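The structure appears right after this line, and notes come after that.
All figures in this text were calculated on a predicted structure; none of them were measured in a lab. Atoms considered below: every heavy atom in the structure, side chains included; atoms not considered: hydrogens, waters and symmetry mates.
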Amino acid sequence: MSSRRTAARLACALAILIGPWLTPHAQAQTLSMRAALSRALAASPRLSAAERDVGIATGQRIQAGALLNPELSYEQDNSFGSGIYRGTRSAETTLQISQAFELFGKRDARIAAGQAGIEVAAIQRKAVRLEVLSETAIAFLSVLGAQRRIQILDEQIAAIDRLTPLLRRRVEAGASSPAETGRAEVASALVKADRERLKATLASARRELAVLMGDPAAKFGEVSGRLDTTGRPPTFQSVIAAIDANPQLVRWTAVYAQRNAELLMARLKPYPDVRIAAGWRHFNESNDDAVRLTVSVPIPVFDQNQGNILSAQESLAKTKAEREANRNTLIVIAGRAYDSVQGSLRELAVLRETAIPKAVEASEAISQGYGQGRFTLLEVLDAQASVTQARLREQEAQQNFHVGVATIEGLVGNPFALARESAR
């Protein structure tokens, strides 16, 4: 009885000691696409930086609307000289406050530029958000695809291993050479080697997804989702039309407004501002007081800001070219993704209608015939390999289809109808 109590206490102690190490694995849960996207948005440093850009632009807008500060000055004349101006007996002291007034809408132009800067930063944040969502979805699909490829290879290994008992019976009956057993083992080992290579690919894909979600290493179990559900994409013309609503292109409208306001600021800068001052002057010699009024206006003779005006004009004209270049880049990316989607659909049609059914049918017939001595082991292994390759091709086409969809969704800013029908 005492030994049982000792063993129980030891087991409890071990559970307490190793419990924290086992907890992460015990709590590892299946990760869905929705959860991955939510975690990526919450953890993305790029999105945080984009939010800070909005705050920076807001601060610049506030500063742009600030009025110029008044100036307080003190003057003392006719003192510390010689004769009657010795000391401060004949001094004249002036206390004055002055204020500069911006004219011709300069402050309004600064405010307009600052407000446009906020809009640019806010729209850019939306663009970054779409990029994060698209990249996370593609990383998720890479993990899901690698998981499925490993499952397919596991099925092939299991199919080869199921031949072992039959091989042994045939060898014992003298119907097959003992070398065939080694050939089956080699075939199984080669598939296992491919599986190990895929496991390394899966580990890299899992790490990439984890980093996007803010973790240095994967803390989730398997990812869940289906790649076998597809749909018909809309026309490419509708995709191009939707791209114009992409935040990367929409922001150029705000950029144009910002640069237009900057051009107006450059054109208004040569126009002089007015500085008005009022002060109080005291004459020590007569003990009299007087009011002093001053109005000053700079004369824009040498500097009329021509260089900054030219620079602002060129910057404004450059905006249209930049937008078109950006749009062309997005169209090229969308075109590649759209062609990948369409090609994947055609490939899946061939695989599902002909290649996979015929490969499975042939493999089953050859496996049955092998037990009756009508086929060789090499033919059995070749038939099984054909089934595996067809299924791997199907999985690759499915993954390419959904990656193309995720890429286009990141460009148009809205999910496809087919994406909502699927279980990605």
Before accepting this row, confirm whether a basic side-chain N of the pair [X]/[Y] lies closer than 4.0 Å to the acidic partner's carboxylate O.
X    : Y    : answer
D194 : R197 : yes
E155 : R148 : yes
K269 : D303 : no

Under a 3.5 Å distance rule, please check whether [X] uses its side chain to pair with a backbone N or O of [Y] as donor and acceptor.
X    : Y    : value
S363 : A359 : no
S311 : G307 : no
R206 : K219 : no

When rounded to the nearest 0.5 angstrom, what distance separates [atom1] in [X] from [atom2] in [Y]?
X    : Y    : atom1 : atom2 : answer
L41  : L133 : CG    : CG    : 4.5 Å
I138 : L209 : CD1   : CG    : 12.0 Å
F401 : Q342 : CZ    : CD    : 9.0 Å
S296 : R275 : OG    : CZ    : 6.0 Å
M265 : D108 : CE    : CG    : 11.5 Å
I356 : E394 : CD1   : CD    : 3.5 Å

- Message: Going by side-chain hydrogen bond (donor to acceptor under 3.5 Å, both in side chains), name the residues that satisfy it together with E135, two or more places apart in sequence or in a different chain.
- Response: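 Result, side-chain hydrogen bond (donor to acceptor under 3.5 Å, both in side chains) vs E135: R46.
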
Can you find a pair of side-chain heavy atoms, one from [X] and one from [Y], that are under 4.5 Å apart?
X    : Y    : answer
I408 : I243 : no
L67  : E102 : no
E409 : S134 : no
I276 : T294 : no
R267 : L263 : yes
Q96  : R281 : no
R336 : S340 : no
R232 : L345 : yes

Heavy-atom closest contact ([X] atom, [Y] atom, distance):
X    : Y    : answer
P216 : R207 : O-CG, 4.0 Å
V239 : P234 : CG2-CG, 4.4 Å
F140 : S224 : CZ-O, 3.3 Å
Q99  : N69  : OE1-C, 4.0 Å
Q399 : S142 : NE2-CA, 3.6 Å
G145 : L227 : CA-CD1, 4.0 Å

Assess whether side chain to side chain contact (heavy atoms under 4.5 Å, CB included) is satisfied between E379 and D382, documenting all intermediate values.
CA-CA 5 Å; E379 290 173 311; D382 184 66; 5.6 Å; no

Can a side-chain donor-acceptor contact be found between Q151 and Q147 if the only test is distance below 3.5 angstrom?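 No, because no side-chain N or O of Q147 sits under 3.5 Å from a partner of the opposite role on Q151.
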
Option passing side chain to side chain contact (heavy atoms under 4.5 Å, CB included) with L31 (candidates L144, V143, V223) =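 Of the listed residues L144, V143, V223, the side chain to side chain contact (heavy atoms under 4.5 Å, CB included) partner of L31 is V223.
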
Note to self: Using the salt bridge (charged side-chain N to carboxylate O under 4.0 Å, His left out) definition, which of the options K192, R149, R391, R195 pairs with D154?
What the structure shows: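 So the option named by the test is R195.
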
inquiry  = Would I97 and E71 count as a side chain to side chain contact (heavy atoms under 4.5 Å, CB included) here? Give the steps.
reply    = CA-CA 6 Å; I97 185 170; E71 294 183 6; over 6 Å; no

Please output the side-chain donor-acceptor pairs of residues 244-262 that fall under 3.5 Å, not counting sequence neighbours, one pair per line with the distance.
| unit_1 | atom_1 | unit_2 | atom_2 | d |
| --- | --- | --- | --- | --- |
| D244 | OD1 | R327 | NE | 2.7 |
| N246 | OD1 | Q248 | N | 2.7 |
| N246 | ND2 | L411 | O | 2.3 |
| Q248 | NE2 | E131 | OE2 | 3.3 |
| R251 | NE | Q124 | OE1 | 3.2 |
| W252 | NE1 | Q248 | O | 3.2 |
| W252 | NE1 | N326 | OD1 | 3.1 |
| R259 | NE | S315 | OG | 3.4 |
| R259 | NH1 | S315 | O | 3.2 |
| R259 | NH1 | T319 | OG1 | 3.0 |
| R259 | NH1 | E322 | OE1 | 2.8 |
| R259 | NH2 | E322 | OE1 | 3.3 |

*Please walk me through it: do R352 and D228 pass side chain to side chain contact (heavy atoms under 4.5 Å, CB included)?*
CA-CA 11 Å; R352 290 172 174 174; D228 58 345; 4.1 Å; yes

Is it the case that atom [atom1] in [X] sees more than 12 heavy atoms from other parts of the structure closer than 6.0 Å?
X    : atom1 : result
R393 : CZ    : no
F104 : CZ    : yes
Q63  : CD    : no
K106 : NZ    : yes

| message | side chain to side chain contact (heavy atoms under 4.5 Å, CB included) for L392 and L153? Distances and angles first, verdict last. | response | CA-CA 9 Å; L392 288 175; L153 293 183; 4.3 Å; yes

